[in-house]
Amino acid sequence: MNKFYVVGIGYRPLDEKASEAVHMSDIILANKSLLDIFSKYKEYESVKGKIMVLNGIHETMDYLRTQIPTLPLFDKGEISGSKISKKGDSQIAPTLKTISILAVGDPMFFVSAG
């Protein structure tokens, strides 16, 4: 199964676990403004080739749906150049990946506050 990390960024360095997550990731998702902030982090140079810039939450969610095995998806035969095979009413992501999603601030604060 794919692994997903939500990594909060802002104006302080990443802690050890967050730094490890971005380094282990096959793909790091960010929007343009988060990329601008992340480019100032020490981790940026070693992971910049893994960063995928997406425009907004809808594009991000569409991409993530292609990466979660057995999650019902739109009826698309090809997404982002990757072939997707169908199995029943679900589609299977082509390869397993570790994905980090850059977010503003402390994601766990907003999860526990909500």
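Please read all numbers here as calculations on a predicted model, not as lab measurements.
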Legend entry - Single-linkage hydrophobic cluster V6~V22, side-chain heavy atoms < 4.5 angstrom: no
Just verifying a value: how many Å separate [X] [atom1] and [Y] [atom2], rounded to the nearest 0.5 Å?
X    : Y   : atom1 : atom2 : value
K3   : S25 : NZ    : OG    : 10.5 Å
L54  : I27 : CG    : CD1   : 9.5 Å
M52  : T60 : CE    : OG1   : 10.0 Å
Y44  : I37 : OH    : CD1   : 13.5 Å
I101 : N31 : CD1   : CG    : 12.0 Å
L102 : I9  : CG    : CD1   : 5.0 Å

What heavy-atom pair brings [X] and [Y] nearest, and what distance separates the two atoms?
X   : Y   : answer
L35 : A30 : N-CB, 4.3 Å
K97 : Y63 : CD-OH, 4.4 Å
H23 : E43 : CE1-CG, 3.4 Å
V7  : A18 : CG1-CB, 3.8 Å

Legend entry - Polar side-chain atom of Y5 near backbone of T98 as donor-acceptor pair, under 3.5 Å: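 Not at all, since once roles are kept as given, no pair shorter than 3.5 Å links the two residues.
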Inset, instruction - Verify, without hydrogens or angle tests, whether K42 (side chain) and P13 (backbone) share a donor-acceptor contact under 3.5 angstrom. - result: no
Inset, instruction - Using the salt bridge (Lys or Arg N to Asp or Glu O under 4.0 Å) rule, collect all pairs that involve residues 15-32, keeping only residues at least two apart or in two chains. - result: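 As it turns out, the salt bridge (Lys or Arg N to Asp or Glu O under 4.0 Å) pairs with a partner in residues 15-32, which skip direct neighbours, are K32-D36.
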Inset, instruction - Evaluate the criterion side chain to side chain contact (heavy atoms under 4.5 Å, CB included) for residue pair L29 and L34; output intermediate values, then yes/no. - result: CA-CA 9 Å; L29 303 179; L34 288 172; over 6 Å; no
Legend entry - Residue from R65, H58, E59 passing side-chain contact (heavy atoms from CB on, under 4.5 Å) with M61: R65
